[in-house]
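Only one structure is covered here, and it is reproduced in the block below.
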4 protein chains.
Amino acid sequence: MTTGTDPERSRGRPRSPESHRAILAATREVLDEVGYVRLTVEGVATRAGVGKSTVYRWWPSKSALVLEAVGSALAAPPRPTGDVRADIRAVLANIVEDLRGPLAVTLLALGSDALHDAPAAAEPVDLLQADRGAVQDMIEDAGRRGDLPADVDADLLLDVCVGTLLYRLLCRRPTEDVVDRLVDLVVEGRIPRTGPETEPT
Amino acid sequence: MTTGTDPERSRGRPRSPESHRAILAATREVLDEVGYVRLTVEGVATRAGVGKSTVYRWWPSKSALVLEAVGSALAAPPRPTGDVRADIRAVLANIVEDLRGPLAVTLLALGSDALHDAPAAAEPVDLLQADRGAVQDMIEDAGRRGDLPADVDADLLLDVCVGTLLYRLLCRRPTEDVVDRLVDLVVEGRIPRTGPETEPT
Amino acid sequence: MTTGTDPERSRGRPRSPESHRAILAATREVLDEVGYVRLTVEGVATRAGVGKSTVYRWWPSKSALVLEAVGSALAAPPRPTGDVRADIRAVLANIVEDLRGPLAVTLLALGSDALHDAPAAAEPVDLLQADRGAVQDMIEDAGRRGDLPADVDADLLLDVCVGTLLYRLLCRRPTEDVVDRLVDLVVEGRIPRTGPETEPT
Amino acid sequence: MTTGTDPERSRGRPRSPESHRAILAATREVLDEVGYVRLTVEGVATRAGVGKSTVYRWWPSKSALVLEAVGSALAAPPRPTGDVRADIRAVLANIVEDLRGPLAVTLLALGSDALHDAPAAAEPVDLLQADRGAVQDMIEDAGRRGDLPADVDADLLLDVCVGTLLYRLLCRRPTEDVVDRLVDLVVEGRIPRTGPETEPT
DNA sequence: ACATAAACGAGACGGTACGTCTCGTCTTTTG
DNA sequence: CAAAAGACGAGACGTACCGTCTCGTTTATGT
C-alpha cells in the first residue's frame, strides 16, 4: 500500500481557496449591512466576484453559508487561569463581545431557519459550543477543587449564563455589568441587587 | 383589544367577526403544521376561506398576523398567592407550558423578522410581557416583605428566569425540573446540583 | 339554465389588456433585435414594464409567447377575385411578404422548439394556416370550374407552393419571380425555365 | 498542395481516434433520444466517457458538433442510370429516407442556430448538397438530351423537390407516393391528382 | 532512456436564463 | 362599502448548462 499520492483526491481542478475566502468575507459584510433576512445568495456572489453556482456548489443553502461565515468569525474562548470567577467572567465577556452587533439576531434567524423541519436548533447553537465547553470545564474543575459543590449542575449553570446573556442581547438590554452579577449568582449564589457595584469578597 | 362603539368606524359594512376569528385560527393551524417560515399569507387566507386582501386589511404583515395569533393563544399568568417561591414557580411553569411545541421557534422567527430594520425585538418579546410583569410584581413584593433583599435587581432575575427557559426550550433540552432549580437559584441563591431533588427549607 | 352573466368567469381582477398588448409588442421588438434564441422572457418582461410572473401566467413558455406574438403580426390573406392564377399569386406573395426578415428563421426555431417532445410541428406551421386555407379554397374552386382537373391534389400543390417558398426563404435565395413560376407550374404544369419572363397564355 | 508529414504538427500526443468516434456516436444517440434542443455538450461528453474540454477542443459549438454527427450519417446519393425519372426518383427517395425520424427536425434546429447572426443557413443546408448536386446533374443532363427544355430552371425545380419534401416531413404528412407525383410534376408538368396511382408513360 | 509536448479525464470556475414561488398592492364583481 | 377573487410588479429562489480554466495523467515523438 502506497501512501502519499491519493488518486481519488487529485482529480479535476481543485477548489479555489480565493473564492472560498471571498465568499465567506462577502457573506459577513452583507450580513453586517443588511441582516440575515435581506441577505441574498446572489448579492453575496456578486460582492465576492463569484458565480452563484460556486456558492451553491459548496453550501447547500443560505443558512449553511451564513452559519459557516458566522462561525468562522467567532473569537476563541480565552485560556483558563485557574481562578473560577475570573475565568468564567472572561468567557462570558467573550460571548457578549461576539454577539454584539448583528450576530445575536443572525443566530435567531439561523435557528428559526434550521428548525423548519429539523427537530432541534442544534447547528446554530453549536456556534457557541466552544464557549460552552470552556465554561463547563471551569465549573467542573471548580467542583473538583471545592470552589463549587462537587455535584454542581454545570449544565444548568451554563444555560443560565448563556441563556440570560442571549436574551438580554436580543432585547438590546445593557449587558455591561451583567456578566459580573451572573458570575456572582452562579458561583456564589449572590442574588443580584441594583445600586452599588458588586464588590468581590 | 377593545372595540367599543365607534361612530366613525361603524359606517358601511362592519368587519366580519367570523373572518377575523377564522383567520387567526387558520394562522395557528398552519403554524403548527409547517412552521413560521413556510407559512404563507395566501395559505392562511385560503384555509380561512378568505381573500388575501382581507388579511392585509387588518394586519400589516405576516409577522404581525402571527404575533397576534400566537399571543391570543397564550395562557394568562396565574394569580399570586403570596408565597414567593410557589408563585414564581407557577408563572415559570406557565411559560414553559406556553412555549412547548412550535411556539418557541415561532418566537425566534418573529424576533428575527421584526429585527429586519427595527432597533429591538420589542414586539415578540412583549408576548411574554404578562408573565414578566407578574414575576416582577412578585419579586418586588418579596423585596418589600423582606423575603428578598430590598434592592434586589428584579430585572436581571427576570431575565435569568425567562432567558434560561427560552434557551433550553429552543435547544430542546429538558425543562421539567429546571423551574424548581431556577426558583431556588434566584430566590435563595442555591447553586443547582445534580443528583437528589431539591428539598425546600 | 341562465345565460348572459357567467359567475365563474367574472370573479377577481380581470386580465390587464395593457399588459397583454405590451408583452406581445415587446416580444416582437426583442425578436427583431436579437432573434429567437437570444430572446429571454426576463428581457421581454422588463421591456414591457411587467413582472416575469405575468408573462408566465398567460404563456406557459417562451415558444408559446413568441408563437402568439408572431401569429398576431401576420397579414390576412387577400380576398379571392375568381382569377385562379392571380388569386394564388396574391396569397403566395402575401406569404413571402410575411416571412421576409426574421420571421422565417423564427419559424424554424419555433418548429424545433415545439418538437421537443410533441409529435408534429403542428403549432408553428399553423401560423400559415390562413394562407394555406385560402389557397386550398382557390384550388378546389378551380377544380370545380374546370380550370384545373376536378380531382386535383390540392394538398400536395399547397405543399409544393408553401414548401418551396419556405425553403428558398430560409436559404435566402431570391423569391421575387419564383411566385409566378410556381403558379405556372402548379396551375398549368409549365416547367420553369431560366431566361425570358413567363408570358401568360 | 500535399500535406504529407508535417513536422510542426506531429509533436505531442496525437488526437485520440477513439474519443473522436465515441463523441460522434454519443451525439447521434443523444440526438435520437432527446432531440437537438435538449442535447447538451455535457451530456454528450459524459455518454462518450470523455471530458467536456475534449469536445470543445475539436468542435467550436454544439451546432458544429451535431452538424458533423448528422452529416456523417447521411446516405450517399445513388448513382444515375440515365433514366431521368427513375434517377430523380431515387435521389428524392434517398432524401426522404435520410430525413425520417429526428433528422428533419434537427435540420430545422441547426438552421435556426446557424442563423443567429449569420446571413444564411448555409451550413445545415449543405448537408443535402450531395443530393442536390446529384439531382441538378440529372436535370441538366435531361435538358441537354431534350427530355426537358434546354433552358430548364434546374435550381427552382430542385427547390420544389427538396422544399416540398422537407416541408411534408416536418409536418409529418405522408411522403410515400409524393416522390412519384413530384417527379411527374417537375419532369412532365403533370398536375398531381388524388385517386388512381400515377401510371408512368 | 528520457525529456518534451500535446491531448486527455475530471471537474471547478464566472455567468446567464430558466421557471417557480411568495411578497404586498391593486382592481374588479358580488352580497 | 367590505369581502372574495385573483391579476399585478417585484425580485429571490435553487437548477441546469454554457464555454473557459486549471489540474494531474497519459501517450506519442525526437533527441
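Residue numbers begin at 1 in each chain, while the letters A, B, ... track the order of the sequences. Values below: all heavy atoms of this structure, side chains included; hydrogens, waters and symmetry mates excluded.
- Counting heavy atoms of neighbouring residues, nucleotides and ligands inside a 6.0 Å radius, atom CD of D:Glu18 exceeds 12 of them.
- Here the shortest heavy-atom pairing between D:Lys62 and D:Val37 reads NZ-O, 3.2 Å.
- The two residues C:Tyr36 and C:Ser63 make their nearest non-hydrogen contact at OH-CB, 3.3 Å.
- Distances shown here put a side-chain N or O of C:Trp58 below 4.0 Å from the OP1 or OP2 atom of F:dC8.
- The closest donor-acceptor contact from the side chain of C:Lys52 to the backbone of C:Val41 lies at 3.5 Å or more, if one exists at all.
- The shortest distance between the side-chain N/O atoms of A:Ser19 and the OP1/OP2 oxygens of E:dG14 is below 4.0 Å.
- Checking the phosphate oxygens (OP1, OP2) of F:dG9, a side-chain nitrogen or oxygen of C:Thr54 falls inside 4.0 Å.
- What separates CZ of D:Arg13 from P of F:dT27 is a distance of 6 Å, to the nearest Å.
- The phosphate of F:dA3 has OP1 or OP2 within less than 4.0 Å of a side-chain N or O from B:Arg57.
- Residue D:Gly51 is the one, among C:Glu42 and D:Gly51, whose nearest nucleotide of DNA chain E lies closer to the 5' end (criterion: closest heavy atom).
- For D:Ser53, the side-chain atoms get nearest to F:dC21 when compared with the rest of F:dC18, F:dC21, F:dA12.
- Counting to the nearest Å, the C1' atom of E:dC13 and the OH atom of D:Tyr56 are 14 Å from each other.
- Interface remark: the D:Lys52 side chain does not form any donor-acceptor pair with the E:dG9 base, using a distance-only criterion of under 3.5 Å.
- Along DNA chain E, the nucleotide closest to A:Ile23 and the one closest to B:Pro60 are compared, and the more 5′ of them pairs with A:Ile23.
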